[in-house]
Amino acid sequence: MFRSIRQCARIAQLCVVCTLFGICLWQAREARVAPFSVAAVPSGAPTAAADAPRIESYFASSTFHRHVHSASISPLSDGGLIAAWFAGSREGAHDVNIHAARFDAENRSWGDEFRLISREATERMLQRNIRKLGNPVIALAPDDRLWLFYVSVSLGGWAGSAINTMYSDDDGATWSQPRRLITSPFFNISTLVRNPPVFHSDGSIGLPIYHEFLGKFAEYLYLGPDGEIVDKFRISSGDHSLQPAIVPLSDDSAVALLRNAGMAHGKVLASFTRDRGQSWSEHVAVDPWNPNSAVAAVNEGDGDILVALNDLQDGRFRLSLYHADQDLQHWRPVAVMDESPTGEERVAEDVYMQTLSARYQDVAPEPRETPSHLEQLRSELRRRACHQGPQCEFKYEYPTLIRAPNGFFHLVYSWNNTLIKHVVFNRAWVEQGA
Amino acid sequence: MSNGEVFGHLTFAALIFLLLPLARIARPLRVAAFASLLGLAFLPMVSGLSPGDYVRSYTDDLAITTLVWLLWTVFVRLTGVGRVAPRHHFQLATCFALLALVLYPATLGLASLDPYRLGFSPLSLLVAMWLLCLWLWWQRNHLGLALIVIATLAWWLDVKDSDNYWDYLVDPALGVYALGYLLYACLRRRSGARATP
C-alpha cells in the first residue's frame with residue numbers, strides 16, 4: 001500500500017512539473033521590438049530651421065558652492081524645459097543629490113535650481129543603504145510622461161552602481177517613488193546611465209546603459225511604456241567602450257556613439273543597428289578624437305547627426321560641435337562651444353579667473369553680475385580647479401544634446417564643474433557654422 | 001513592505017542562524033534563536049534601515065532557490081528531519097555551479113554573448129529547466145525538484161522585483177557556495193581514495 005502511495009506521489013510530482021512548465025511555456029513570448037520613433041518637427045510648430053541663425057546661452061544651475069556634473073535636459077509638454085544634474089561637495093560624496101531647474105519658455109529664463117531627489121529619500125523609499133548618487137537622465141516620453149533615471153551606489157565605487165527610475169505625469173510637479181531596475185544578475189551592480197533614452201513607436205523606451213566592472217561595454221535596455229524591462233541587447237563588448245549615445249536614423253536603424261575608455265589618444269567609437277536595436281555591429285573608431293570623455297549626439301532632422309564632444313587627444317578644455325553624415329564617414333566642425341583661451345588645459349590662475357569671469361558675465365543675467373557674486377564664483381573655481389600649483393584647469397565636459405519638438409537644439413554641459421551651461425540654437429545657425 | 005524586503009529579512013535570519021554553532025543546544029532554544037534573529041532582521045536601526053535591509057542593499061535580492069534552500073536547511077536544523085542525501089546535495093551543487101558558470105563570466109563582459117538576455121523571454125531557459133526538473137525527478141532529488149519548481153512558480157507569479165527568470169534560479173552567493181561544495185567534495189573523494197589501501 002505504501003508503495004502505491006509513493007508511486008501516486010511521484011506521478012503527482014511529475015504532473016505538477018509538467019503543468020507548471022506547460023503553462024509558463026504557453027505564456028512566454030519572444031519580445032517584439034517596435035520601430036524607432038524618429039522625432040520629426042511637427043508641421044504646426046514654429047520652424048526653427050527656417051528662421052535666421054539663432055544662438056543663446058544660459059546657466060541652468062543657480063548656485064556655485066556645489067560641484068555640479070552630468071547634466072541632462074528634456075522638453076516639457078508645456079513648451080518649457082527641465083534640466084537635471086548631480087550636485088554636492090564633490091563627485092561621489094555622501095551629500096550629492098539630484099538637482100534640477102526649469103526653463104520658462106515665455107520669459108526665456110531658468111528658474112532657481114531645486115533638489116529633485118536626495119540620497120536619503122532614495123534610501124528611505126528603496127529601503128536600501130545608499131552610499132552615493134550619480135548620473136541622472138531625464139526625458140519626456142511621447143505620452144508626456146517625464147522619466148528620470150539615475151545612478152546609485154550601495155557599496156564601492158561606480159562599478160557598484162545600479163539604476164533607479166521615477167516618473168512624473170505632470171511635467172515634474174510630482175513624482176512617483178523611485179524603483180530599482182534589475183539589469184545585472186551579479187548582485188545587480190555595475191550598470192550606469194549617461195545619455196537620454198530613445199523611444200519606439202509603441203511608447204517603449206530604449207535606454208542606453210553601460211557596464212564598468214570586469215569589462216567596459218555598452219548595452220541597449222528595452223523597457224515597456226511603463227518602465228518594466230522587456231529585453232536587453234549588447235551594443236559593444238570588451239573593456240573600452242562606455243556611455244552610448246543613441247541616434248535613431250529610420251524606423252529600423254540607429255547609430256550608437258561611444259566614449260572610448262581605452263588607451264590614450266583614442267577616437268570616438270560607433271556601432272550601428274538595422275533591426276531596431278536588437279543587434280549591433282562591431283564597434284569601429286570614427287574620425288574625431290575622444291579623450292575618454294562623454295559624447296552627445298542627436299538627429300539633425302534630415303538624418304544627419306549633430307555631435308557634441310571634446311575633440312581632443314587629452315583633457316576636456318574644449319567642447320566642440322560636429323556635423324556628421326549617417327555613415328559617420330564625413331565629419332565637419334560646426335563650432336567650438338567653449339574652450340581654453342590658450343589652447344591648453346592648464347593656464348595661470350589670473351588668466352583663468354579673467355577668462356571665466358568674463359564668460360560668466362557674458363551669459364549670466366542680472367543680478368548675478370554683482371562684484372560679490374563674481375568673487376564667490378572665483379573662490380569656488382579656485383577651490384575646484386586650481387590644484388596644479390599656480391595653474392588652473394579648464395573643464396567643459398559631459399554634454400547632453402537634444403532636439404526639442406519645435407526644432408531647436410539644446411545643449412547642456414558641465415562648465416568647470418561649477419555651473420551647468422545651456423546653449424540653445426537652431427538649424428540655420430548649424431548650417432551657417434558647417 | 002515589498003516581497004523583496006520580506007525575502008531579504010528571511011535571508012538575513014536564516015544565514016545568521018546557520019552560521020551560529022547551535023547544533024548542541026536544545027531544540028526549543030534553537031527555535032527561540034531563529035525567532036529572535038527573525039525579529040532582529042526586521043528591527044529598524046538608527047538609520048531607519050533594518051539589518052535585513054542592509055544585507056539586501058549589498059547582495060540585492062537573492063534567488064528564490066537560495067531562499068528556499070536556506071529555509072529548508074533551517075528547518076532541518078530545527079527539526080532534525082529531512083536531511084538531504086550527499087548524492088543529491090552533490091547533484092544540486094553541480095546544477096547551480098553549471099548555471100553560475102554559464103551566466104556570470106559572460107554577463108560580466110568576458111564574452112560577447114549575453115546569457116542574461118535569455119531570462120527576459122525565457123522560452124529556451126524554461127525548456128532547459130523543465131528537462132532539469134525531469135532529471136531531478138528521475139533521480140528522486142525532491143529538494144532539487146522543489147527548488148526549481150518553486151522558483152519557476154515565483155517567476156510566473158512575478159513575486160520579485162526582477163523581470164528576469166535567471167534572478168529566480170541562481171545568484172552569485174549560490175554559485176560560489178555550489179562551486180565551493182564541489183571543490184570540497186572532490187578533495188574529500190581524493191583524500192578518501194588515497195586513504196583506501
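A, B, ... follow the sequence lines: proteins, then strands. Residue 1 opens every chain. Since the structure is predicted, the reported quantities are computational estimates derived from the model, not experimental observations.
- Annotation for Asp161(B) and Arg128(A): closest pair OD2-NH2, 4.1 Å, computed over non-hydrogen atoms.
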Assess the residue pair Ile148(B) and Phe21(A) against the criterion (side chain to side chain contact (heavy atoms under 4.5 Å, CB included)); give the C-alpha distance rounded to whole Å, side-chain angles, the decisive distance to 0.1 Å, and a yes or no. CA-CA 11 Å; Ile148(B) 305 294; Phe21(A) 279 90; 4.2 Å; yes
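- Phe187(A) and Thr59(B) make their closest contact through CD2-O, 3.1 Å (heavy atoms, listed as atom of the first residue, atom of the second, distance).
- Interface remark: Tyr54(B) contributes side-chain atoms only to the contact with chain A (heavy atom separation under 4.5 Å).
- For the options Ile130(A), Thr183(A), Leu126(A), Val16(A), heavy-atom pairs under 4.5 Å to chain B are most numerous at Thr183(A).
- Looking at Ala111(B), the atoms closer than 4.5 Å to chain A (heavy atoms on both sides) all sit in the backbone: N, CA, C or O.
- Under a cut-off of 6.0 angstrom, the local environment of OH in Tyr167(A) is sparse, with at most 12 non-hydrogen atoms contributed by other residues, nucleotides or ligands.
- Here the shortest heavy-atom pairing between Arg56(B) and Gln127(A) reads NH1-O, 3.9 Å.
- If you take CG on Leu20(A) and CG on Leu153(B), they are separated by 5.5 Å, rounding to the nearest 0.5 Å.
- Listed options Val55(B), Val149(B), Leu123(B), Asp167(B) were ranked by heavy-atom pairs under 4.5 angstrom with chain A; first place goes to Leu123(B).
- The greatest number of non-hydrogen atom pairs below 4.5 Å with chain B, out of Ile189(A), Asn129(A), Asp239(A), is found for Asn129(A).
- Of the two parts of Leu103(B), only the side chain, counted from C-beta on, holds a non-hydrogen atom closer than 4.5 Å to a non-hydrogen atom of chain A.
- Of all heavy-atom pairs between Leu126(B) and Leu25(A), the closest is CB-CD2, 3.6 Å.
- Proximity to chain A involves both the backbone and the side chain of Trp130(B), based on heavy atoms less than 4.5 angstrom apart.
- In terms of non-hydrogen atom pairs under 4.5 Å with chain B, the most contact-rich of Leu14(A), Leu155(A), Asn188(A), Leu214(A) is Leu14(A).
- Rounded to the nearest 0.5 Å, atoms CG (Leu113(B)) and CZ (Arg234(A)) are 8.0 Å apart.
- Contact annotation for Met129(B): both backbone and side-chain heavy atoms come within less than 4.5 Å of a heavy atom of chain A.
- Interface remark: Asp114(B) contributes backbone and side-chain atoms alike to the contact with chain A (heavy atom separation under 4.5 Å).
- For chain B, the option among Arg180(A), Glu123(A), His211(A) with the highest count of heavy-atom pairs below 4.5 Å is Glu123(A).
- Interface remark: of the candidates Ser57(B), Gly109(B), Ala100(B), Ser57(B) forms the most heavy-atom pairs closer than 4.5 Å to chain A.
- Proximity to chain A (any heavy atom under 4.5 Å) is restricted, for Asp163(B), to the side chain, taken from C-beta onward.
- Ranked by heavy-atom pairs under 4.5 Å with chain B, the list Ser154(A), Pro185(A), Ser237(A) is led by Pro185(A).
- Annotation: residues 217-232 of chain A contacts chain B through Phe217(A), Glu219(A), Glu228(A), Ile229(A), Val230(A), Asp231(A), Lys232(A) [non-hydrogen atoms, separation under 4.5 Å].
- Note: Phe186(A) and Tyr104(B) have perpendicular aromatic rings, judged against thresholds of 30 and 60 degrees for the angle between ring planes.
- For a residue to count as touching a neighbouring chain, one of its non-hydrogen atoms must lie under 4.5 Å from one of that chain's; by this rule Leu145(B) touches chain A with the side chain only.
- To the nearest 0.5 Å, the span separating CD on Gln278(A) from CZ on Arg117(B) amounts to 7.0 Å.
- With a 6.0 Å radius and a threshold of 12 heavy atoms from other residues, nucleotides or ligands, Tyr58(B) has its OH atom above the threshold.
- For Trp138(B), the CH2 atom sits in a loose shell: 12 or fewer heavy atoms of surrounding residues, nucleotides or ligands are nearer than 6.0 Å.
- Side chain of Arg10(A) to main chain of Trp137(B): a donor-acceptor pair is present (N/O by atom type, distance under 3.5 Å, no hydrogens or angles).
- In this structure, no portion of Glu120(A) lies under 4.5 Å from any heavy atom of chain B.
- Within the 4.5 Å cutoff, the side chain of Cys24(A) has heavy atoms near those of the Trp155(B) side chain.
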